[in-house]
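In what follows, a structure is listed as structure tokens, so that the remarks can point back to it.
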4 protein chains.
Amino acid sequence: MRGKNTKERILKASLKLFSQKGIRETTIKDIAKEVGITEGAVYRHFESKEEIVLGLFKQYSEEFYNKLLNATKSGDSYEERFKNTTKAFISFCFKNPSAFKYLNLFHYLRPEDIKHFSPLPKDAIWNLIEEGIDQGILKVKKEYALAVFVGTLERIFLLVEAGLLKKEEVNMEEIKEIIWKALS
Amino acid sequence: MRGKNTKERILKASLKLFSQKGIRETTIKDIAKEVGITEGAVYRHFESKEEIVLGLFKQYSEEFYNKLLNATKSGDSYEERFKNTTKAFISFCFKNPSAFKYLNLFHYLRPEDIKHFSPLPKDAIWNLIEEGIDQGILKVKKEYALAVFVGTLERIFLLVEAGLLKKEEVNMEEIKEIIWKALS
Amino acid sequence: MRGKNTKERILKASLKLFSQKGIRETTIKDIAKEVGITEGAVYRHFESKEEIVLGLFKQYSEEFYNKLLNATKSGDSYEERFKNTTKAFISFCFKNPSAFKYLNLFHYLRPEDIKHFSPLPKDAIWNLIEEGIDQGILKVKKEYALAVFVGTLERIFLLVEAGLLKKEEVNMEEIKEIIWKALS
Amino acid sequence: MRGKNTKERILKASLKLFSQKGIRETTIKDIAKEVGITEGAVYRHFESKEEIVLGLFKQYSEEFYNKLLNATKSGDSYEERFKNTTKAFISFCFKNPSAFKYLNLFHYLRPEDIKHFSPLPKDAIWNLIEEGIDQGILKVKKEYALAVFVGTLERIFLLVEAGLLKKEEVNMEEIKEIIWKALS
DNA sequence: CATGAATGAGTCTTCATTCAT
DNA sequence: GATGAATGAAGACTCATTCAT
């Protein structure tokens, strides 16, 4: 074992580059260079570029899902659980901006691939919303609720990424209130 | 007649393929075949693939911007203008799904390229929102308002594209109300 | 059309190199260099190396089969047809030594691939032999007869190729007599 | 015990794989896996893949030669020695099909390499044939005799390998008669 | 002696672009 | 204006060989 954690380092470098430049635009050589090894070495750890691509999606998709799922369960009232879920969402975005960008990339570039994975992050939110509607707390069509929830938070993230909004200016409490007001 | 509008046909075919498969995944040969010409002929109308890519962005970005801008001006009250803008947004999405998907691709894959263009569709919305805030009608931070507006509508579109929401079920009136409630 | 008959020239060069060095040992670059083009150009004419490999097998396998089949039908007596078939075999070998070597390569390297092709050269001989046995002219098990016929002639060819026997010393008449004696 | 005879086990595994898939198609990793060791370990026993390739040829070429040579000497009459040699040939083929296929591979893929080795199996037969001709027992040109002898037996083997002839149906006595009739 | 990570030189294949016709 | 053959620079992947452990 010459390098330590090479597999992990490859995944990390891949995520970074994929989210920065895109999947097709990132070559195995780019990844190898970022890690500090040669192209061939990558293939000792992964059978193909596709394995890296899908492996990363699976890993972060599950991680995000679990974070959201936990949040949907933590809190005394429905509203608190709702709030915690928006927090968890925003929190994941900003702690793993590369991962979040990467996951979103799939909506546009590889919608077909997404179908093979479950559960997906949105499923956690979906369930939360359904529950809110069943209890009469949320008052809008569930698809609209999902769109407001996910769409708004994703855009907040993109505005920060684009430099149009400062990270420090992101006030989770306020954002949660806005979404809550829209749906209830 | 056959050779007429070849440039337009190339753009149309490119948009279709780019939005379906991605830019990198679409070759000049693919485009030529879709148009019914040969590879070399494409280069009689465009200097490079990049010219097509950016040309398309410019064209639809401007078209979308203009549609939105007009909408922000048409209506007696601010609320009506706001409503008309959401309608114009949704309307553009569903009439030009390829173009909308294509424009969004740039947020993830080529954020740098976007900066060279102005005005961008969001600028029209941005102005509308600023105005609403100045007049005390909208009550939230303008970045949040933009996030809710654009994020929600984009997600509605994506849900339809993904088959999770039927086009017929999209009720503009209701959606406008939700956004309006969130921001006012 | 910059070069003439490029496709044909690729096939010719491939056959030559494959039969000299083996299929795996011959690269697309080797072939391109032999033809006087670049690697990429090969792919305008063939989708893959495999297409060249199998295409060549099919082409010469059929040609050889047809030559043999015609020979099995030309002649008044069975013996004369038999003789003509040995002549046709030897004749094909020496006129197309590359092709013959190439076809034989498949017995050792790609026996599986052979199964997908029919008819094969040996089928023509097989039928001739069966007929001879049915008529009571040939007196040995048909598999043995095939082995003597094909094995002997192939070895004659290999001895010439190896420089152990001069082409001019190959006396078809005599060889036919030997085989005939063995089987009748 | 496990590490014992590793060299032999590598050779055995290599022969098996080479004869099944071809030399180029067999990787050091394949061989190592078959033996149950790792790639690096192979290089503790052999300096290169080429050393294995040639080592195997040498080993089995000599073994086959010796078997044939012994047979050419065992028997009271020339005819009996001739018969025993055909038996020895067939016997070697069927007891070591991998080795026989492997040796034959060289006729097509690496004729140059063969020249460096002597004696070769055919030399034993060559001498037997020359003797038969000198004694006036065999009546055909010696090259033809060699072709009939070796070609026929090799083809018998290939027919069995291809599943076109059952091993049980191979009657050495009869085959020897056919060859003898052809040459005497 | 053995491991298996890493190297580096290929190998097949793709594709934007050029250019002779 | 159009064709499609050819170029040339990459890109994904392979594999014999080396080497740190």
Side-chain angles (χ1 to χ4, degrees), chain A residues 1-7 10 24-32 35-53, chain B residues 2-4 6-7 24-33 35-53, chain C residues 1-7 10 24-32 35-52, chain D residues 2-4 6-7 23-33 35-53:
Chain A
M1 194 200 298
R2 255 182 278 184
K4 290 276 180 202
N5 299 113
T6 305
K7 187 161 185 169
I10 291 170
R24 266 311 267 288
E25 292 74 10
T26 300
T27 69
I28 295 291
K29 201 167 203 161
D30 290 336
I31 296 169
V35 174
I37 56 180
T38 55
E39 288 175 85
V42 173
Y43 287 90
R44 176 156 292 277
H45 302 280
F46 297 93
E47 290 206 334
S48 66
K49 185 180 176 181
E50 195 65 8
E51 190 187 327
I52 302 178
V53 168
Chain B
R2 180 104 64 79
K4 225 47 201 141
T6 303
K7 188 161 185 169
R24 277 300 281 272
E25 290 74 10
T26 300
T27 70
I28 295 290
K29 197 168 195 168
D30 290 336
I31 295 169
K33 192 182 287 177
V35 174
I37 57 180
T38 55
E39 301 159 85
V42 173
Y43 285 88
R44 201 146 286 281
H45 301 279
F46 297 92
E47 289 207 333
S48 66
K49 186 180 178 181
E50 193 66 8
E51 192 188 326
I52 301 178
V53 169
Chain C
M1 193 199 296
R2 255 182 280 185
K4 291 276 178 200
N5 298 114
T6 306
K7 187 161 186 169
I10 291 171
R24 265 313 266 288
E25 291 74 9
T26 300
T27 69
I28 295 290
K29 201 168 203 160
D30 291 336
I31 296 169
V35 173
I37 56 180
T38 56
E39 287 174 87
V42 173
Y43 287 90
R44 175 156 291 276
H45 302 280
F46 297 93
E47 290 206 334
S48 66
K49 185 180 177 182
E50 195 65 7
E51 191 188 328
I52 302 178
Chain D
R2 180 103 66 79
K4 226 46 199 140
T6 303
K7 188 161 185 169
I23 295 169
R24 276 300 281 273
E25 290 74 10
T26 300
T27 70
I28 294 291
K29 197 166 195 170
D30 290 337
I31 295 169
K33 191 181 286 176
V35 173
I37 58 179
T38 56
E39 300 159 85
V42 173
Y43 284 88
R44 201 145 287 282
H45 300 280
F46 297 91
E47 290 206 332
S48 66
K49 187 180 177 180
E50 194 64 9
E51 192 187 326
I52 301 177
V53 169

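Below, read A as the first sequence line, B as the second, and so on, with proteins coming before strands; counting in each chain starts at 1.
Summarising the geometry of B/E51 relative to B/H45, their closest heavy-atom pair is OE2-O, 4.3 Å, with the distance given to 0.1 Å.
Side-chain nitrogen and oxygen atoms of C/Y43 include none within less than 4.0 Å of the OP1 or OP2 phosphate oxygen of E/dT14.
For B/R44 and C/I28, each mapped to the nucleotide of DNA chain E holding its nearest heavy atom, the one lying further toward the 5' end belongs to C/I28. Each of C/R24 and B/T26 was assigned the nucleotide of DNA chain E with the nearest heavy atom; the assignment lying further toward the 5' end belongs to C/R24.
In this entry the distance linking NZ of B/K49 with C1' of E/dT18 reads 17 Å, nearest Å. Between A/H45 atom NE2 and F/dC13 atom C1' there is a gap of 15 Å when expressed in whole angstrom units. Look at CD on C/E51: it is 14 Å from C1' on E/dC12, rounded to the nearest Å. In this structure, CD of A/E25 is placed 12 Å from P of E/dA16, rounded to the nearest angstrom. If you take CD1 of C/I52 and C1' of E/dC12, they are 11 Å apart, rounded to a whole angstrom. In this structure, the CD atom of C/E50 is 14 Å from the C1' atom of E/dT13, given to the nearest Å. Atom CD in A/E47 sits about 10 Å away from atom P in F/dC13, given to the nearest Å. We find that NZ of B/K33 is positioned 15 Å from C1' of F/dT3, with the value rounded to whole Å.
Distances from the side chain of C/T6 to the nucleotides E/dT3, E/dA5, F/dA5 place F/dA5 closest. In the set E/dG8, E/dT3, F/dA12, E/dT3 carries the atom at the smallest distance from any side-chain atom of D/I37. Set against F/dT17, E/dT17, E/dT13, the side chain of B/S48 has E/dT17 as its closest nucleotide. Among the nucleotides F/dC15, F/dT7, E/dA2, the one closest to any side-chain atom of D/A41 is E/dA2. Looking at the side chain of A/T38, the nearest of the listed nucleotides E/dG4, E/dG8, F/dC13 is E/dG8. The D/E39 side chain lies nearest to E/dA6 when the options are F/dC13, E/dA6, F/dG4.
If you take atom P in E/dC1 and the same atom in F/dT21, they sit 23 Å apart, rounded to whole Å.
Taking 4.5 Å as the limit, some side-chain heavy atom of A/I52 sits within range of a side-chain heavy atom of A/V42. Under the 4.5 Å side-chain criterion, counting only non-hydrogen atoms from C-beta, C/E25 is not in contact with C/D30.
Nucleotide F/dA20 is matched to E/dT3 when pairs are restricted to Watson-Crick or G-U wobble geometry with both distances under 3.5 angstrom. The partner of E/dA9 is F/dT14, by the rule that a Watson-Crick or G-U pair needs both atom distances under 3.5 Å.
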- Test B/E39 against B/T27 for side-chain contact (heavy atoms from CB on, under 4.5 Å), laying out the working first. CA-CA 9 Å; B/E39 301 159 85; B/T27 70; over 6 Å; no
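In this structure, CD1 in B/I31 is found 6.5 Å from OG1 in B/T26, a value given to the nearest 0.5 Å.
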